[in-house]
Amino acid sequence: MKISNLRLFRYELPFVKALRMVGREHISRLGLILCLQDDDNHDGFGEIAPLPGLHKESLAQAIIQIRYLAPKLKNAPLKAEFALLDGHLSHWLEPYRLFPSVRIGIEMATLNLLSNATGISLCHMITQSNSLSSYLPLNGLISGTQQEIKVASTELLFEGYRTLKMKVGRQTIEEEADTVRMLRRLFGRDVAIRLDANRSWSFDRAIRFGETISDCNVAYIEEPLMDVSRATIFVRKTGVKIALDETLAEPNAIYREIPIECIGAFVLKPGALGSVEKTVELARYASEYNIPVVLSSAFESGLSLAFYSSLAASLNATETACGLDTYKFFKHDILLSRFKAKKGIVNVPEAYQNSRHLDWTYLEEVPL
Ligand SMILES: O=C(O)CCC(=O)c1ccccc1C(=O)O
Ligand SMILES: [Mg+2]
């Protein structure tokens with residue numbers, strides 16, 4: 001088997017309303033879909049969607065890189081070993097020094113093509129286990145004013161979500177801490193509350209926030225500190241565990257220096273890590289130390305979300321809610337049957353099946 005043909009498409013997915021992502025306002029999401037084909041006309045789609053602020057590369061730079069790479073991918077062997085996620089993909093792609101968004105897109109397209117060509121679902125192809133969960137709970141995303149959060153979280157709970165994730169570091173510390181206290185009062189013990197500060201606080205401010213919510217039984221706060229080297233003191237002082245997100249995408253593996261008991265979760269964004277195998281490696285480290293793994297999106301389309309759902313299921317990361325609730329901010333998807341959760345839970349095989357059928361009306365070909 002080999003890759004015999006490549007095509008590239010562009011999409012623009014409008015948001016339901018203007019959305020703040022990594023410090024910027026966006027009204028839509030731009031991205032690319034790479035389509036790989038084998039000799040038998042099977043196809044495999046992969047998404048390349050650099051997010052300004054999260055990725056250093058722009059969409060235009062990603063296109064240039066794909067154009068440069070296209071002749072090298074053509075006729076490249078499609079090896080069954082890629083599915084082992086044990087280094088074969090890296091061995092193939094590392095020499096090209098690709099942008100993270102481009103690399104994950106090529107890996108996604110390749111694995112999806114392998115799955116289509118062999119008729120084995122992605123989940124079963126990349127895991128050795130045959131007792132996989134088909135159901136993946138999501139953390140319901142909430143942000144905005146206290147009143148907006150109150151309304152949104154009540155709706156999410158009513159729908160069936162049992163884990164909420166609130167963005168912090170946007171209003172004053174007092175206001176946000178007050179909102180967290182309100183959530184805990186409203187929902188009692190049976191709701192897990194996660195927070196994400198995206199490194200917006202100085203150490204002193206983070207401590208002040210952490211101390212104010214220390215009795216709220218928050219599952220964790222993602223990246224509270226600008227300087228992650230002080231994470232241990234933060235946790236010891238506040239009793240609130242931290243989750244690692246941005247830190248995991250950094251090259252020097254600082255996460256290994258943080259005491260395990262301080263870490264509430266690894267938030268794994270394959271799109272930011274830029275490699276499925278890197279994601280798997282981090283997930284293995286986490287499970288070795290009983291750190292929960294939270295597979296998470298960078299506001300990609302349903303194609304990536306379905307792929308990440310399968311990855312989460314194959315890693316047995318279905319116990320803790322995942323960060324794939326971003327789909328609800330899009331007016332529509334590039335899939336004919338869009339990625340969705342029912343009662344806060346994704347049906348993984350169904351989502352994967354649906355991700356094989358694109359809605360071409362939203363895709364415009366980019367010449368290679
Ligand atoms: O983790 C989630 O639940 C959703 C994803 C999310 O919050 C996110 C999306 C894009 C960029 C950064 C982040 C983040 O976790 O900080
Ligand atoms: Mg985060």
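Worth saying up front: this structure is predicted, and the values here are computed from it rather than measured. Ligands are counted one by one from 1 in listed order, and the atoms in each one are counted from 1 as well.
Within ligand 1, counting atoms from 1 as listed, the ones closer than 4.0 Å to a heavy atom of Asp196 are 14 (C), 15 (O), 16 (O). Heavy-atom proximity to Asn139, at under 4.0 Å, picks out these atoms of ligand 1: 3 (O). Numbered from 1 in the order shown, with element, the atoms of ligand 1 that lie under 4.0 Å from a heavy atom of Phe299 read 9 (C), 10 (C).
For ligand 1, the polar-atom distance check against Lys269 finds a nitrogen or oxygen pair separated by under 3.5 Å. Any N or O atom pair closer than 3.5 Å counts here, and Glu222 shares at least one such pair with ligand 1.
Less than 6.0 angstrom separates the ring centroid of Phe330 from the ring centroid of Phe15.
Of all protein heavy atoms, the one lying nearest to atom 7 (O) of ligand 1 is Lys165 NZ, 3.1 Å.
At a cut-off of 2.8 Å, Asp196 is counted among the residues with an N, O or S atom near the Mg ion (ligand 2).
Salt-bridge formation is detected for the pair Glu222/Lys165: a Lys NZ or Arg NE/NH1/NH2 atom is positioned less than 4.0 Å from an Asp or Glu carboxylate oxygen. We find that Glu94 and Arg103 are joined by a salt bridge, their nearest charged nitrogen and carboxylate oxygen being less than 4.0 Å apart. Under the 4.0 Å criterion applied to side-chain N and carboxylate O atoms, Glu223 and Arg199 are assigned as salt-bridge partners.
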(request) Could you walk me through whether Arg284 and Glu288 pass the salt bridge (charged side-chain N to carboxylate O under 4.0 Å, His left out) test, one step at a time? (result) CA-CA 6 Å; Arg284 292 219 175 101; Glu288 190 180 327; over 6 Å; no
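Here the angle centred on the Mg ion (ligand 2), running from OE1 of Glu222 over to OD2 of Asp245, is 100°, rounded to 10°.
The distance from atom NZ of Lys79 to atom CE of Met1, rounded to the nearest 0.5 Å, is 12.0 Å.
Residue contacts with ligand 1 for Thr326 involve side-chain atoms from C-beta outward but no N, CA, C or O (heavy atoms, distance under 4.0 Å).
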